[in-house]
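What follows is a single structure, written as structure tokens, with notes after it.
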Amino acid sequence: MKKKLSKKDINVVLNKLEKLYPHAECELAYNSPFELLISTILAAQCTDVRVNKVTSELYKEYNTPEKILELSQEELENKIRSCGFYSTKSKNILATCKILIENYDGVVPDTREELMKLPGVGRKTANVVISNAYGKPAMAVDTHVFRVSNRIGLVNGKNVDETEQQLMKNIPKNLWTDTHHRIIFLGRRICKARKPICEECPINEECLYYKGKVM
DNA sequence: AACTCGGGGCA
DNA sequence: TGCCCAGAGTT
């Protein structure tokens, strides 16, 4: 049924995305790998705008594992409540801070395997941290990347893991991180989950979803 | 694969 | 009021 784009069209899409969003970056505000880690944990099922609003206050006083562990779970919950899932996230963040101090001398590890051992850190969050904070190639697949890349036809993945594998195979390694951010930009502004604005989409000529819609 | 955690923004 | 948001963990 649904097919993937040709290699040629994939390159066209990547080039258009690069011209469209040449300086795409992580929109979570952070000043250290630790801050990015905590912000990304908070970002689960929550907009980055709200995360930044919470962390801009939180990090003034609490920007290290040691500082955050000065807070009780209830105190931390009250500070991050507006990010949603505050109970789970608070518990995970406190547990993660404790592990960072006990096992990593307070330094956020730079490998996906070590990061994913931390409570509240899954594959997506780990990929965001190693790619943005440590400059390592990684393809983080969130809801935007999953939806858009499959909708366009960059990949044809049944789930997040399949999608990540296919994206890494179809996209040059040096473009993984930038492409991740560019797809998010496109996904939020145009290729939205509900009512994608296909008429204004710069890559609708290549998009399999758009072609399917007009046929 | 399905279910749970969740407040806030927006139509 | 209903739907959705830079996911992860458990069953």
Side-chain angles (χ1 to χ4, degrees), chain A residues 17 21 23-31 33-59 73-100 108-109 112-134 136-151 154-155 157-164 167 176-197:
Chain A
L17 285 175
Y21 309 122
H23 304 114
E25 290 180 345
C26 180
E27 291 199 359
L28 295 172
Y30 63 97
N31 291 304
F34 178 73
E35 288 188 4
L36 177 61
L37 174 63
I38 301 304
S39 290
T40 310
I41 291 175
L42 289 175
Q45 296 298 297
C46 175
T47 62
D48 54 345
V49 174
R50 198 174 308 153
V51 172
N52 288 338
K53 191 173 295 181
V54 164
T55 58
S56 65
E57 283 300 315
L58 179 67
Y59 294 160
Q73 180 170 340
E74 185 180 356
E75 287 171 332
L76 183 56
E77 284 182 5
N78 287 330
K79 291 182 180 301
I80 70 169
R81 185 172 299 272
S82 63
C83 289
F85 299 150
Y86 52 85
S87 181
T88 302
K89 288 176 182 176
S90 291
K91 197 167 64 177
N92 285 336
I93 287 172
L94 290 174
T96 283
C97 287
K98 194 169 296 182
I99 294 175
L100 287 179
V108 176
R112 178 166 33 236
E113 290 70 25
E114 296 298 318
L115 282 163
M116 286 181 67
K117 292 178 184 174
L118 301 171
V121 180
R123 194 173 183 83
K124 181 262 176 179
T125 297
N127 279 333
V128 166
V129 171
I130 64 174
S131 62
N132 290 288
Y134 292 119
K136 294 188 172 184
M139 193 63 232
V141 179
D142 53 43
T143 56
H144 290 303
V145 174
F146 179 77
R147 178 185 70 256
V148 176
S149 59
N150 281 288
R151 185 181 273 172
L154 281 179
V155 294
K158 294 179 179 60
N159 51 50
V160 170
D161 290 338
E162 249 187 55
T163 299
E164 179 183 331
L167 282 171
W176 287 351
T177 302
D178 287 341
T179 302
H180 162 80
H181 292 125
R182 286 166 185 156
I183 290 178
I184 288 178
F185 273 48
L186 183 71
R188 287 173 49 170
R189 290 161 177 74
I190 294 176
C191 195
K192 300 184 290 185
R194 269 309 171 90
K195 297 178 179 177
I197 315 172

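Throughout, a chain's letter reflects where its sequence line sits, starting with A, and its residues are numbered from 1. All of these numbers come straight from a predicted model, not from anything done at the bench.
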- Item | Integer-rounded Å distance: C:dG7 C1' and A:Glu164 CD | 14 Å

- Item | Earlier contact from the 5' end, DNA chain B, for A:Tyr86 and A:Lys195 | A:Tyr86

- Hits for salt bridge (Lys or Arg N to Asp or Glu O under 4.0 Å) against A:Asp48, two or more places apart or cross-chain, chain-then-number order -> A:Arg188

- Item | Which residue lies more 5' along DNA chain B, comparing A:Ser87 with A:Asn159 via nearest heavy atoms | A:Asn159

- Note on the structure: Sequence neighbours excluded, the answer for salt bridge (Lys or Arg N to Asp or Glu O under 4.0 Å) partners of A:Arg50 is none

- Task: State which residues pass side-chain hydrogen bond (donor to acceptor under 3.5 Å, both in side chains) with A:Glu35; sequence neighbours excluded, sorted by chain then number.
- Result: none

- Per the under-4.0 Å heavy-atom filter, residues of residues 137-146 of chain A near DNA chain B come out as none

- Query: C:dA8 P sits how many Å from A:Arg112 CZ, rounded?
  - Reply: 13 Å

- Query: Just one of A:Lys124, A:Arg123, A:Lys158 clears the salt bridge (Lys or Arg N to Asp or Glu O under 4.0 Å) bar with A:Glu164, so which one?
  - Reply: A:Arg123

- Do you know which two heavy atoms are closest between A:Ala24 and A:Phe185, and how far apart they sit? CA-CZ, 4.4 Å

- For atom CD1 of A:Ile41 and atom P of C:dG7, their distance in whole Å: 13 Å

- Given side chains that start at C-beta, do those of A:Ser131 and A:His180 come closer than 4.5 Å, heavy atoms only? no

- Message: Can you measure A:Lys89 atom NZ to C:dG7 atom P for me and round it to whole angstrom units?
- Response: 9 Å

- Message: What is the separation between atom CZ on A:Arg189 and atom P on C:dC5, rounded to the nearest whole Å?
- Response: 15 Å

- Query: Is there side-chain contact between A:Pro109 and A:Ile130, with heavy atoms separated by less than 4.5 Å?
  - Reply: no

- C:dT10 versus B:dG6 - spacing of their P atoms, nearest Å: 14 Å

- Pairwise 5' ranking along DNA chain C for A:Thr47 and A:Asn92, keeping only the more 5' one: A:Thr47

- Task: Would you grab the first and last nucleotide of DNA chain B (5' to 3') that comes under 4.0 Å of any non-hydrogen atom in chain A?
- Result: B:dC5 to B:dG9

- Item | Donor-acceptor side-chain pairing of A:Thr40 and A:Tyr30 below 3.5 angstrom | no

- Give, ordered by number, those residues of residues 115-130 of chain A having at least one heavy-atom distance below 4.0 Å to an atom of DNA chain B; if nothing qualifies, reply none. none

- Message: Exactly one of A:Thr163, A:Asn159, A:Ile183, A:Asp161 should register a side chain to side chain contact (heavy atoms under 4.5 Å, CB included) with A:Val141. Which one does?
- Response: A:Thr163

- Message: Rounded to whole Å, how long is the line connecting atom CG of A:Asp48 with atom C1' of C:dC5?
- Response: 10 Å

- Query: Any side-chain heavy atom of A:Leu118 sitting closer than 4.5 Å to one from A:Leu37?
  - Reply: yes

- Side chains of A:Arg151 and A:Cys191 in contact at under 4.5 Å (non-hydrogen atoms): yes

